[in-house]
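Accompanying notes for the structure given below.
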Amino acid sequence: NTIRIPEQLLAFQQYKNKLAAVVGGREQAERLVNQGVFLFAVGSDDFANNYYTRPFSARASQYTVGEFVDLLISELSNYLLRLYELGARRTLVTGASQFGCLPAQLATRGSTAGGECDPELVNAASLFNSELNRLVQQLNGRLGLVFVAAANSVTLYTAFRSNPEAYGFTETRVACCGQGPYNGLGQCTPASNLCPNRDEYVFWDPTNPTTGLWGSLPKPS
């Protein structure tokens with residue numbers, strides 16, 4: 001039931017039409033949209049829940065990692081240009097996170113038995129983020145303005161993992177709520193293991209961070 005990005009862009013166009021009726025016309029609506037801030041969070045799920053799906057991935061049988069990265073970047077470029085056509089002038093694109101370090105990956109991938117991030121997945125995130133940064137530079141140069149900015153979520157997570165105490169965390173590998181190794185299997189349910197203090201954990205469940213992690217992110221100036 002995922003709403004694909006083309007459908008989301010169509011919904012945004014419909015929203016603009018409704019906005020114009022509320023604020024007094026298309027010109028006023030366009031001005032409001034131009035002043036907005038847009039967020040694209042992309043990359044991680046495309047790999048973790050698509051390319052690296054176990055036990056079989058159709059994408060992995062079609063593409064090498066590098067080819068899949070090229071496919072994602074090409075699609076993303078088209079979507080960002082379409083968003084620009086719809087009036088977006090300030091867009092933040094978050095790159096792939098360290099999804100190779102998620103409790104879900106630590107629990108299911110044999111190479112992470114010692115609690116270390118999976119090197120294959122870490123490399124995929126690095127390849128994607130490198131190409132994403134290149135795309136951002138190309139779009140900014142092409143459009144003559146600061147259109148998109150790429151947020152380096154890998155660097156942020158590496159800081160949390162290497163020095164968790166500095167951010168108030170004590171646990172960076174095990175999820176607060178889950179089951180199995182690292183609490184990385186299944187979903188958070190009433191039958192799951194539950195940590196005593198979620199504020200000390202980076203991950204809430206096998207794939208999602210806690211509000212404590214979001215609260216410790218740098219605030220915009």
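Just so it is clear, the values below take in all heavy atoms, side chains as well, and ignore hydrogens, waters and symmetry mates. Values in this document were obtained by computation on a predicted structure and should not be read as measured data.
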Looking at Cys177 and Cys195, are the sulfur gammas closer than 2.5 Å to each other?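 No - the two cysteines, Cys195 and Cys177, have SG atoms at least 2.5 Å from each other.
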Flag yes if more than 12 heavy atoms outside Ile3 fall under 6.0 Å of its CD1 atom; otherwise flag no. no
Might you confirm whether atom CD of Gln187 has over 12 heavy atoms from other residues, nucleotides or ligands at distances under 6.0 Å?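 It does not: Gln187 CD has 12 such atoms or fewer within range.
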Contact check, side chains of [X] and [Y], non-hydrogen atoms, under 4.5 Å:
X: Phe203; Y: Asn208; answer: no
X: Leu76; Y: Val93; answer: yes
X: Glu171; Y: Val202; answer: no

Given side-chain contact (heavy atoms from CB on, under 4.5 Å), test Leu92 with Phe40 step by step and report yes or no. CA-CA 6 Å; Leu92 175 65; Phe40 260 74; over 6 Å; no
Transitive ILVMFWY side-chain link [X] to [Y], under 4.5 Å:
X: Leu102; Y: Phe169; answer: yes
X: Leu72; Y: Leu127; answer: yes
X: Tyr182; Y: Leu194; answer: no

Which word best sums up how the rings of Phe99 and Tyr52 line up, parallel for under 30°, tilted for 30 to 60°, or perpendicular for over 60°?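 The arrangement is tilted - the two ring planes meet at 30° to 60°.
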Do the rings of Phe47 and Tyr51 sit parallel, tilted or perpendicular, given the 30° and 60° boundaries? perpendicular
Please collect all salt bridge (Lys or Arg N to Asp or Glu O under 4.0 Å) contacts where either partner lies in residues 172-182, sequence neighbours excluded, each pair once.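 Sorted result for residues 172-182: Glu116-Arg173.
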In a check of side chain to side chain contact (heavy atoms under 4.5 Å, CB included) between Thr91 and each of Val136, Val37, Leu80, which one passes?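 Single side chain to side chain contact (heavy atoms under 4.5 Å, CB included) partner of Thr91 among Val136, Val37, Leu80: Leu80.
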Minimum heavy-atom separation for [X] and [Y], please, with both atom names.
X: Tyr201; Y: Thr210; answer: O-OG1, 2.7 Å
X: Glu30; Y: Gly87; answer: OE2-CA, 3.5 Å
X: Ala88; Y: Val33; answer: N-CG1, 4.2 Å
X: Leu32; Y: Val23; answer: CD1-CG1, 3.8 Å
X: Ser97; Y: Ser44; answer: N-OG, 2.8 Å
X: Thr207; Y: Ala104; answer: CG2-CB, 3.9 Å

Determine whether the side chains of Asp46 and Asn50 contain a donor N or O and an acceptor N or O closer than 3.5 Å.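 Asn50 and Asp46 do not have a side-chain donor-acceptor pair below 3.5 Å.
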Return yes if a side-chain donor-acceptor contact under 3.5 Å exists between Arg26 and Asn17, otherwise no.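 Checked: Arg26/Asn17 side chains pair up, N/O donor to acceptor below 3.5 Å.
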Has the side chain of [X] got a donor or acceptor atom that lies under 3.5 Å from a matching backbone atom of [Y]?
X: Ser74; Y: Leu71; result: no
X: Thr53; Y: Phe56; result: no
X: Gln137; Y: Arg134; result: no
X: Glu200; Y: Thr170; result: no

Return the set of residues passing side chain to side chain contact (heavy atoms under 4.5 Å, CB included) with Ile73 (not counting sequence neighbours), or none when no residue passes. Val69, Phe128, Glu131, Leu132, Leu135
May I ask you to check if Arg89 and Tyr84 form a cation-pi contact, with NZ or CZ under 6.0 angstrom from the six-membered ring centre and within 45° of the axis? yes
Show your working on salt bridge (charged side-chain N to carboxylate O under 4.0 Å, His left out) between Glu27 and Arg31 and close with a plain yes or no. CA-CA 6 Å; Glu27 184 176 342; Arg31 186 180 301 112; 3.4 Å; yes
To the nearest 0.5 Å, what is the distance between [atom1] on [X] and [atom2] on [Y]?
X: Arg59; Y: Phe68; atom1: CZ; atom2: CZ; value: 6.0 Å
X: Asn183; Y: Asp205; atom1: CG; atom2: CG; value: 10.0 Å
X: Thr94; Y: Asn129; atom1: OG1; atom2: CG; value: 9.0 Å
X: Trp204; Y: Cys188; atom1: CH2; atom2: SG; value: 4.5 Å
X: Gln14; Y: Leu9; atom1: CD; atom2: CG; value: 11.0 Å
X: Asp118; Y: Thr108; atom1: CG; atom2: OG1; value: 8.5 Å

Could you check Glu75 against Tyr79 for side-chain contact (heavy atoms from CB on, under 4.5 Å), going step by step and ending with a plain yes or no? CA-CA 6 Å; Glu75 291 292 296; Tyr79 297 147; 3.1 Å; yes
Determine, step by step, whether Val174 and Leu106 satisfy the side-chain contact (heavy atoms from CB on, under 4.5 Å) criterion, reporting the C-alpha distance in whole Å, the side-chain angles of both residues, the deciding distance to 0.1 Å, and the verdict. CA-CA 9 Å; Val174 178; Leu106 300 185; over 6 Å; no
So does Arg4 pair up with Glu7, basic N to acidic O under 4.0 Å? no
Residues in salt bridge (charged side-chain N to carboxylate O under 4.0 Å, His left out) with Glu120, at least two apart? Arg109
